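Every value quoted in this text rests on a predicted model; they were computed, and no experiment measured them. Lettering follows sequence order; numbering is per chain, from 1.
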There are 2 protein chains.
Amino acid sequence: MEHPARQNLGVSAYARLKRDIIRGVYPAGEKLLMSHLKERYDLGTGPLREALSQLVAEHLVVAISQRGYRVAAMSVGELEDIYDARANLEGLIVELAIARGDDGWEAEILAKAHTLAKVMDLSGPEEMLDVWDRRHQVFHSAIAAGCGSRHLLQARESLLDQVERYRHLWLCETVFSSEALEQKRQEHAALVEVLLARDSSRASRMIREHLMSPVPIIRDVMKRRGLE
Amino acid sequence: MEHPARQNLGVSAYARLKRDIIRGVYPAGEKLLMSHLKERYDLGTGPLREALSQLVAEHLVVAISQRGYRVAAMSVGELEDIYDARANLEGLIVELAIARGDDGWEAEILAKAHTLAKVMDLSGPEEMLDVWDRRHQVFHSAIAAGCGSRHLLQARESLLDQVERYRHLWLCETVFSSEALEQKRQEHAALVEVLLARDSSRASRMIREHLMSPVPIIRDVMKRRGLE
DNA sequence: TTCTAAAAAAATGTAGATATTTTTAAGGCA
DNA sequence: TGCCTTAAAAATATCTACATTTTTTTAGAA
């Protein structure tokens with residue numbers, strides 16, 4: 001008989017904390033009080049400190065010696081830098097993917113693009129956005145996977161984790177109009193076409209623009225909320 | 001009066017463990033026994049687990065639930081992927097640096113290149129290699145800094161950390177002939193020239209080749225040591 | 001108000017309790 | 001004997017409770 005494979009508590013603490021930070025449960029810069037975390041997650045300090053250490057390594061949390069932990073700050077400056085870095089890295093990855101991707105890669109892109117395009121058929125507004133976002137991520141990951149480099153994809157993941165708090169701001173604030181959805185769909189369709197045509201420089205430019213487009217919107221949200 | 005700013009033990013445990021892993025004190029794949037670590041670093045499990053958690057996030061250590069920690073494996077496959085990823089990322093960063101770097105950037109490069117070129121004047125063989133390596137890193141960092149993106153530089157640092165174990169293999173094994181040194185010096189000089197001329201595509205290609213050159217040597221060392 | 005000192009709160013570290021895995025040893029069977 | 005299974009013992013990982021140290025707050029005095 002197989003046990004349910006007992007995880008150590010640090011791992012689940014890590015997952016839950018990360019999720020809560022990304023979802024904005026703890027605002028940027030907020031002190032993460034050990035006593036509060038112990039109560040909220042019903043855990044001892046040991047596992048919590050393990051989890052926090054990992055989050056420090058991922059730059060989502062900052063540790064100040066003898067003064068505990070804080071949620072990493074957010075700023076418009078960082079917003080712009082993360083998106084810039086992400087756009088450029090993704091551009092590079094797409095170029096490599098076009099040079100290196102095989103038939104399976106093309107097929108995966110088509111499959112994920114199709115799944116993504118079919119989202120609107122679904123039910124409620126909240127849930128639809130959720131599903132759309134998940135499939136959107138999967139679609140872009142399928143494109144990136146073609147570069148074939150575990151370590152470039154790892155760098156990409158790391159930036160995704162760091163951008164997630166800003167992106168969440170966008171998802172929350174955006175009343176997702178069907179025009180915007182339609183707009184995105186067209187961008188994706190155009191992107192797929194250029195990818196399959198293996199037009200490296202055009203694909204790279206397109207993906208960079210595609211990724212940068214939420215920046216002005218998020219910047220506005222931040223300024224409105226006094227997060228600048 | 002200022003206190004010496006007491007660090008928590010996890011931080012120094014992290015630094016020492018990382019150093020030892022990179023230096024090959026613990027071979028790839030080796031089990032990191034808590035009892036051994038406690039004795040070696042004279043620390044309790046708490047700080048050690050904090051340090052190990054950070055190293056897990058940096059992919060230098062792997063955690064297996066209820067079975068403790070191991071040094072991350074090494075393989076020729078990973079060697080090739082890290083160097084490939086690094087070369088491509090560095091190529092991208094150089095292109096951005098050329099587009100974005102200002103006069104200060106150019107000046108820094110010239111300064112660091114000069115310091116690097118002057119290393120040979122120094123004393124012993126071991127120490128010289130040490131100094132050379134440090135200045136070499138500084139030189140390349142000065143180039144990369146021009147891209148102006150904290151997050152791209154952070155991704156670069158992360159790859160540097162991960163490649164360090166392989167690079168250390170190279171530094172240890174290489175009896176550093178003055179021809180090789182001379183060869184490197186020429187590559188650097190050529191690189192500086194192209195950078196200052198702002199020849200983006202040539203600089204990118206040159207740096208990619210420059211970074212890839214140790215790969216065959218390291219691959220040989222690994223095969224000889226049965227690390228493949 | 002501004003400074004100081006006591007009190008409270010918080011972070012950090014260790015020791016030891018608990019749970020899990022690994023090793024060892026013994027027994028059964030071909 | 002050789003090999004597998006099983007059970008106990010040892011080693012190990014993990015977690016919590018509490019002790020210690022440091023920071024922050026509070027309250028009183030100048």
A.B. asks: May I have the distance from B/Leu48 (atom CG) to D/dT12 (atom P), rounded to whole angstrom?
C.D. replies: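 It works out to 15 Å between those atoms.
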A.B. asks: Could you check how far CG of B/Leu43 sits from C1' of C/dA15, rounded to whole Å?
C.D. replies: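 About 15 Å, once rounded to whole Å.
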A.B. asks: Rounded to whole Å, how long is the line connecting atom CG of A/Asp42 with atom P of D/dA17?
C.D. replies: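 Between P of D/dA17 and CG of A/Asp42: 10 Å.
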A.B. asks: How about A/His59 and B/His151: are their ring centres within less than 6.0 Å of each other?
C.D. replies: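 No, ring centres 6.0 Å or more apart.
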A.B. asks: Below 4.0 angstrom, N of the basic side chain to O of the carboxylate: do A/Arg219 and A/Glu80 qualify?
C.D. replies: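 Looking at A/Glu80 together with A/Arg219, the answer is yes, because their closest N to O distance falls below 4.0 Å.
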A.B. asks: Return the nearest nucleotide to the side chain of A/Ser35; candidates are C/dT21, C/dA10, D/dA17.
C.D. replies: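 Of the candidates, C/dA10 comes closest.
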A.B. asks: I need the CD1-C1' distance between B/Ile64 and C/dT20, as an integer number of Å.
C.D. replies: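 Taking CD1 of B/Ile64 and C1' of C/dT20, I get 14 Å after rounding.
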A.B. asks: Any idea which of C/dT12, D/dT12, D/dT14 is nearest the B/Asn8 side chain?
C.D. replies: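 The listed nucleotide nearest to B/Asn8's side chain is C/dT12.
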A.B. asks: Atom CD of B/Gln7 to atom P of D/dT22: distance rounded to whole Å?
C.D. replies: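 Interatomic distance, CD of B/Gln7 to P of D/dT22: 13 Å.
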A.B. asks: Less than 4.0 angstrom between a side-chain N/O of B/Arg49 and OP1 or OP2 of D/dT14, yes or no?
C.D. replies: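 True: B/Arg49 side-chain N/O within range (under 4.0 Å) of D/dT14 OP1/OP2.
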A.B. asks: Send over the distance from A/Met34 CE to D/dC18 P, rounded to a whole Å.
C.D. replies: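 Interatomic distance, CE of A/Met34 to P of D/dC18: 18 Å.
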A.B. asks: For A/Lys31 and C/dA10, is the shortest distance between a side-chain N/O and OP1 or OP2 below 4.0 Å?
C.D. replies: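 A/Lys31 to C/dA10 OP1/OP2: no side-chain N or O under 4.0 Å.
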A.B. asks: What's the closest nucleotide to the side chain of A/Leu33 if the choices are C/dG13, C/dT21, C/dA11?
C.D. replies: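 Selected nucleotide: C/dA11.
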A.B. asks: Atom NZ of A/Lys38 and atom C1' of C/dA9: how far apart are they, to the nearest Å?
C.D. replies: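 Rounded to whole Å, this separation is 12 Å.
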A.B. asks: On DNA chain C, check which nucleotide each of A/Leu32 and B/Arg67 is closest to and give me the residue with the more 5' one.
C.D. replies: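 Looking at the nearest nucleotide for each, A/Leu32 comes out on the 5' side.
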A.B. asks: Given A/His136, which partner from the list A/His188, A/Lys184, A/Lys112 fulfils the side-chain hydrogen bond (donor to acceptor under 3.5 Å, both in side chains) test?
C.D. replies: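 Result for side-chain hydrogen bond (donor to acceptor under 3.5 Å, both in side chains) with A/His136: A/His188.
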A.B. asks: Just checking A/Gly68: base, sugar-phosphate only, or nothing, at a heavy-atom cut-off of under 4.0 Å?
C.D. replies: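 Sugar-phosphate: the residue A/Gly68, judged by heavy atoms under 4.0 Å, touches backbone atoms but no base.
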A.B. asks: Can a donor-acceptor pair be found, under 3.5 Å and without considering hydrogens, that links the side chain of A/Arg208 to the backbone of A/Gly91?
C.D. replies: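 No, the answer is negative, given that no donor and acceptor are paired below the 3.5 Å cut-off.
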A.B. asks: State which of D/dA13, C/dA11, D/dT16 makes the closest approach to the side chain of A/Gln66.
C.D. replies: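 Shortest atom-to-atom distance from the side chain points to C/dA11.
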A.B. asks: May I have the distance from A/Tyr69 (atom OH) to D/dT23 (atom C1'), rounded to whole angstrom?
C.D. replies: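 In whole Å, D/dT23 C1' and A/Tyr69 OH are 16 Å from each other.
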A.B. asks: Checking the side chain of B/Arg165 only, and the main-chain atoms of B/Met74 only, is there a donor and an acceptor separated by less than 3.5 Å?
C.D. replies: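 No: the side chain of B/Arg165 does not pair with the backbone of B/Met74.
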